[in-house]
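What follows is a set of notes on a single structure, which appears directly below.
All values derive from a computational prediction rather than experimental measurement.
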Amino acid sequence: MSRAWQIALEAEANGQLHKEPEHDFYAILANPQVLYDQRWEQQEQWVIRVDKAPDGSRGLVRVRKTVQGFDGVPVYESAIKNKTDSDEVETTITEDMFKAFRRLSSDGQIKDRYFFPVPGSDRVFEVDCFLTPEAQIARHQGYNVKGQRYHEWVKIDFEVHNKRDPIPEFPFEVSQVIMKPYGSRTPEDEKIVNNLYKKVWVAVHPNAK
């Protein structure tokens, strides 16, 4: 990943409103080994969702802990994302704020994100791989785990300047993929995505009793 792209990402966590149009895809990788030549980071995130705001829009408030590789310094950020019009505000927060938010949220994900830059552009395919409950517990206990302990389905994010911009081919092969956005999927595909969020990609809460 280019240094310019890293700077662009870091600059967004400044408390300023900006647009972040992106596409979300869901896939099973034909060969998961392609992940391990890419830059990656650990992510733990917790969310409080708003299904219908007073103006009719939908969105979420999220906190996230990010660690580069296995031994990076943790970075904590919060984000308010309006899914209806792609508005987003991000800012850095303290570890205490992250933990306080996490305590109140029952909607979390523990995942590793792999970055696949698109040659000749500032665009990047971000592939999120979600840890199984056993792998999550091991990581919370301080063990370095990834790879074989991921769920089969991955989420692919692709940020664009405009939703009408063409989408390049994936730089990896997939054996199954859901490309249509929310509201345009078949009932079968919508059932798969809904199940992933509600039953598969679910974080083990460290404060659960």
Side-chain angles (χ1 to χ4, degrees), residues 1 5 9 20-47 49 51 58-60 62 64 66 69 81 83-84 86 88 106-139 144-204:
M1 177 175 292
W5 177 253
L9 284 177
E20 189 176 275
E22 64 180 3
H23 298 283
D24 299 333
F25 311 119
Y26 303 87
I28 297 176
L29 299 179
N31 178 19
Q33 295 299 316
V34 300
L35 298 169
Y36 305 127
D37 292 330
Q38 308 303 314
R39 187 177 74 82
W40 70 284
E41 64 188 25
Q42 302 177 47
Q43 294 185 353
E44 176 184 351
Q45 67 182 43
W46 297 90
V47 170
R49 300 184 186 275
D51 293 328
R58 66 184 184 92
L60 57 86
R62 183 195 70 206
R64 176 182 286 169
T66 302
K81 299 169 73 77
K83 294 290 189 178
T84 301
S86 300
E88 182 163 340
S106 59
D107 186 351
Q109 295 177 343
I110 311 294
K111 58 186 179 177
D112 292 338
R113 173 168 289 181
Y114 293 85
F115 299 89
F116 290 81
V118 176
S121 78
D122 62 352
R123 303 291 89 182
V124 178
F125 284 104
E126 301 170 343
V127 179
D128 287 348
C129 301
F130 297 81
L131 275 67
T132 64
E134 296 78 13
Q136 292 181 44
I137 292 170
R139 183 165 286 179
N144 292 336
V145 294
K146 61 171 186 167
Q148 71 275 16
R149 300 190 183 188
Y150 294 142
H151 289 292
E152 183 179 35
W153 280 88
V154 304
K155 180 172 179 278
I156 303 169
D157 290 341
F158 189 69
E159 293 182 13
V160 291
H161 298 291
N162 188 298
K163 278 290 187 73
R164 294 187 295 273
D165 291 346
I167 302 170
E169 292 186 5
F170 294 150
F172 43 77
E173 294 184 7
V174 296
S175 58
Q176 189 171 344
V177 65
I178 298 172
M179 301 287 291
K180 294 290 186 180
Y182 174 78
S184 300
R185 303 181 189 121
T186 65
E188 294 78 10
D189 285 348
E190 189 59 49
K191 184 177 180 180
I192 290 173
V193 174
N194 190 57
N195 184 67
L196 290 173
Y197 279 105
K198 292 188 174 181
K199 295 184 179 181
V200 180
W201 295 343
V202 178
V204 176

Inset, instruction - Indicate yes or no for a side-chain donor-acceptor contact from T84 to the backbone of R58 under 3.5 Å, with no hydrogens or angles considered. - result: yes

Inset, instruction - Over all heavy atoms of both residues, which pair between H161 and P21 is shortest? Give the atoms and the distance, please. - result: O-CG, 3.8 Å

Inset, instruction - Would you mind reporting whether I28 and V174 have side-chain heavy atoms less than 4.5 Å apart? - result: no

Legend entry - Least distance between heavy atoms, V202 atom then K198 atom: CG2-O, 3.4 Å

Inset, instruction - Anything under 30° is parallel, anything over 60° is perpendicular, the rest tilted; go ahead and classify W201 against F130. - result: parallel

Inset, instruction - Would you mind telling me which of D24, D157, V154 makes a side chain to side chain contact (heavy atoms under 4.5 Å, CB included) with D128? - result: D157

Inset, instruction - Keeping the roles fixed (side chain from E41, backbone from G69), state whether a donor-acceptor pair exists under 3.5 Å. - result: no

Inset, instruction - Output, in order, the C-alpha distance, side-chain angles, deciding distance and verdict of ring-ring contact (aromatic ring centres under 6.0 Å, His included) for F116 and F172. - result: CA-CA 9 Å; F116 290 81; F172 43 77; 5.0 Å; yes

Inset, instruction - Report the distance from atom CZ of R62 to atom CG of L60, rounding to the nearest 0.5 Å. - result: 7.0 Å

Legend entry - Approximate separation, where rounding is to 0.5 Å, of N194 CG and D189 CG: 12.5 Å

Inset, instruction - Mind checking the CD-CD1 spacing from Q176 to I192? Nearest 0.5 Å is all I need. - result: 5.5 Å

Inset, instruction - Could you walk me through whether R185 and I178 pass the side chain to side chain contact (heavy atoms under 4.5 Å, CB included) test, one step at a time? - result: CA-CA 8 Å; R185 303 181 189 121; I178 298 172; 4.0 Å; yes

Legend entry - Where P171 and F125 come nearest, the two heavy atoms and their spacing: CD-CD1, 3.5 Å

Inset, instruction - Test E126 against every option in K111, R113, R39 by the salt bridge (Lys or Arg N to Asp or Glu O under 4.0 Å) rule and name the one that passes. - result: R113

Inset, instruction - Quick one: sort the W40 and Y114 rings into parallel, tilted or perpendicular, breaks at 30° and 60°. - result: parallel

Inset, instruction - Using atom types as modelled and distance alone, determine if a side-chain donor or acceptor of R123 lies under 3.5 Å from a backbone N or O of E159. - result: yes

Inset, instruction - Enter the distance from D165:CG to S121:OG here, rounded to the nearest 0.5 Å. - result: 10.5 Å

Inset, instruction - Walk me through it: do D112 and R139 pass the test side chain to side chain contact (heavy atoms under 4.5 Å, CB included)? - result: CA-CA 12 Å; D112 292 338; R139 183 165 286 179; 2.6 Å; yes

Inset, instruction - Using a cut-off of 6.0 Å, state whether more than 12 heavy atoms not belonging to D51 lie near its atom CG. - result: no

Inset, instruction - Taking the side chain as every heavy atom from C-beta outward, state whether W153 and N195 have any pair of such atoms under 4.5 Å apart. - result: no

Inset, instruction - Of all the heavy-atom pairs spanning V124 and F158, show the shortest one and how long it is. - result: O-CD1, 3.4 Å

Inset, instruction - Return yes when atom CD of E22 has more than 12 non-hydrogen atoms of other residues, nucleotides or ligands closer than 6.0 Å, and no otherwise. - result: yes

Legend entry - Min side-chain heavy-atom separation E190-Y182 under 4.5 Å: yes

Inset, instruction - Starting at OG1 of T132, measure out to CZ of R149 and round the result to the nearest 0.5 Å. - result: 7.0 Å

Inset, instruction - May I ask you to test the F25-H23 pair for a side-chain heavy-atom distance under 4.5 Å? - result: yes

Inset, instruction - Verify, without hydrogens or angle tests, whether H151 (side chain) and C129 (backbone) share a donor-acceptor contact under 3.5 angstrom. - result: no

Legend entry - side chain to side chain contact (heavy atoms under 4.5 Å, CB included) between K83 and K81, worked out: CA-CA 6 Å; K83 294 290 189 178; K81 299 169 73 77; 3.9 Å; yes

Legend entry - Close side-chain approach of Y197 to D107, heavy-atom, < 4.5 Å: no

Legend entry - Closest contact, heavy atoms only, Q136 versus A203: OE1-CA, 3.2 Å

Legend entry - G59 backbone acceptor or donor facing R49 side chain under 3.5 Å: no

